[in-house]
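Just follow the structure's listing: the first ligand is 1, and inside any ligand the first atom is 1.
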Amino acid sequence: MPKPVLFVTRKLPAPVEARAARDYDARLNADDTPRSPADILRLSAGADAILCCPAERLDADTIRALPASVKVIATFSVGYDHVDIGAARARGIVVCNTPDVLSVATAELAMLLILTAARRAGEGERMVRAGNWQGWAPTQLMGTQVSGRRLGIFGMGRIGREVARIARAFQMEVHYHDIARLPPELEQGATFHPNDETFLAVCEVLSLNAPGGDATRKWLNAGRIARLPKGAVIANAARGTLVDDAALIAALKSGQVAYAGLDVYDGEPNVNPGYRALENVVLLPHLGSATVETRAAMGHLALDGIDAVLAGRTPSNLVK
Ligand code: DGY
């Protein structure tokens with residue numbers, strides 16, 4: 001009995017590729033070449049399953065043009081804004097993602113962004129690396145302490161709740177805004193703001209942890225930034241599409257936002273050049289889930305989903 005064909009768009013951690021090669025007729029990507037929509041269509045000829053990544057857009061046109069053999073698309077990410085779910089459903093293709101396993105790693109990265117931005121660690125690192133450090137000085141690179149500050153989390157899902165857990169260890173006062181209030185056992189004492197105006201007014205530090213997509217596109221715009229306390233710190237480990245870049249760049253220049261830490265960008269891997277010109281923003285290359293443990297767990301969960309669909313079962317990680 002021939003093995004089902006699995007097309008994997010990018011190079012994956014070795015244990016995940018070993019499992020894929022054991023269980024599937026796997027089309028791997030040893031060179032890790034980025035795949036265009038045309039490549040995806042060509043390389044999925046005869047494939048039963050596609051394991052894709054957030055760097056690829058599987059829009060409606062691409063999904064409609066996929067070969068009839070494709071039964072499941074598993075994305076190596078919790079976010080699925082790069083996959084047109086409606087088009088997949090219309091084609092009878094099941095979509096899976098990788099929730100839960102990356103929540104801790106992504107929340108740690110969000111906290112890293114908050115600390116790096118607030119404590120001006122990016123500027124300090126650039127100064128030392130460039131050989132410009134003249135030694136300790138009483139007024140050098142003074143940032144702002146995060147302990148005792150009010151942290152606002154926009155998007156209190158699994159990752160947002162992990163950010164809250166870590167922030168409590170820094171004695172931050174946690175507030176959140178989302179479409180619905182959490183039950184008390186998940187809220188863990190955080191203050192819910194149904195109204196984004198009252199929410200933004202308390203955010204000395206704002207962490208963006210909501211999903212991408214149309215509902216959150218450019219959520220952080222000039223109007224909302226103006227409602228933040230002056231000198232706020234902003235961290236985005238969610239999706240670049242949540243931010244109106246021109247508005248944030250203007251606020252970083254005016255001081256309305258003192259510091260920002262960004263891991264994600266609208267139109268990745270392109271980064272708005274306005275950010276690169278500013279010292280008070282730290283820029284990371286979408287590292288949220290990038291730990292050895294997490295990336296392996298994501299790969300295994302994606303394969304679990306594919307296994308389930310091809311065996312006629314409902315996967316636990318089905319995108320509904
Ligand atoms: C995700 O999973 O959606 C991240 O952005 C990629 O790690």
Legend entry - Residues Glu56 and His82: side-chain donor-acceptor under 3.5 angstrom: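 The answer is no; no qualifying pair exists.
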Legend entry - Distance-only polar pair, side chains of His175 and Arg150, donor-acceptor under 3.5 Å: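 The answer is no; no qualifying pair exists.
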Inset, instruction - Taking the side chain as every heavy atom from C-beta outward, state whether Ile114 and Leu151 have any pair of such atoms under 4.5 Å apart. - result: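 Yes, side chains in contact.
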Inset, instruction - For ligand 1, indicate whether the residue Leu102 contacts it via side chain, backbone, both or neither (heavy-atom separation under 4.0 Å). - result: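 Side chain only.
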Inset, instruction - Starting from atom 7 (O) of ligand 1, locate the nearest protein heavy atom and write down its residue, its atom name and how far away it is, to 0.1 Å. - result: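 So the nearest neighbour among protein heavy atoms is Ser289 OG, 2.5 Å.
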Inset, instruction - Among all protein heavy atoms, pick out the one at the shortest distance from atom 6 (C) of ligand 1; state its residue, atom name and that distance to 0.1 Å. - result: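 For atom 6 (C) of ligand 1, the nearest protein heavy atom comes out as His286 NE2, 3.6 Å.
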Legend entry - Hydrophobic cluster identity match, Leu41 and Ile93, side-chain contacts under 4.5 Å: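 Yes, Leu41 connects to Ile93 through the hydrophobic network.
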Legend entry - For Leu283, the rest of its hydrophobic cluster, which grows through side-chain links under 4.5 angstrom: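 Besides Leu283, the hydrophobic cluster comprises Phe154, Phe199, Leu200, Leu206, Leu208, Trp219, Leu220, Ile225, Leu228, Ile234, Leu242, Val243, Leu248, Ile249, Leu252, Val257, Leu262, Tyr265, Val271, Tyr275, Leu278, Val281, listed by chain and residue number.
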Legend entry - Remaining members of hydrophobic cluster (4.5 Å side-chain criterion), Val104: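 Its cluster partners, ordered by chain and number, are none at all.
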State the atoms of ligand 1, each with its element, that fall below the 4.0 Å cut-off from a heavy-atom position in [X].
X	answer
Arg239	1 (C), 3 (O), 4 (C), 5 (O)
Gly79	1 (C), 2 (O), 3 (O)
Ser77	1 (C), 2 (O), 3 (O)

Legend entry - Any N or O of Val78 closer than 3.5 Å to N or O of ligand 1: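 Yes, Val78 has an N/O under 3.5 Å of an N/O on ligand 1.
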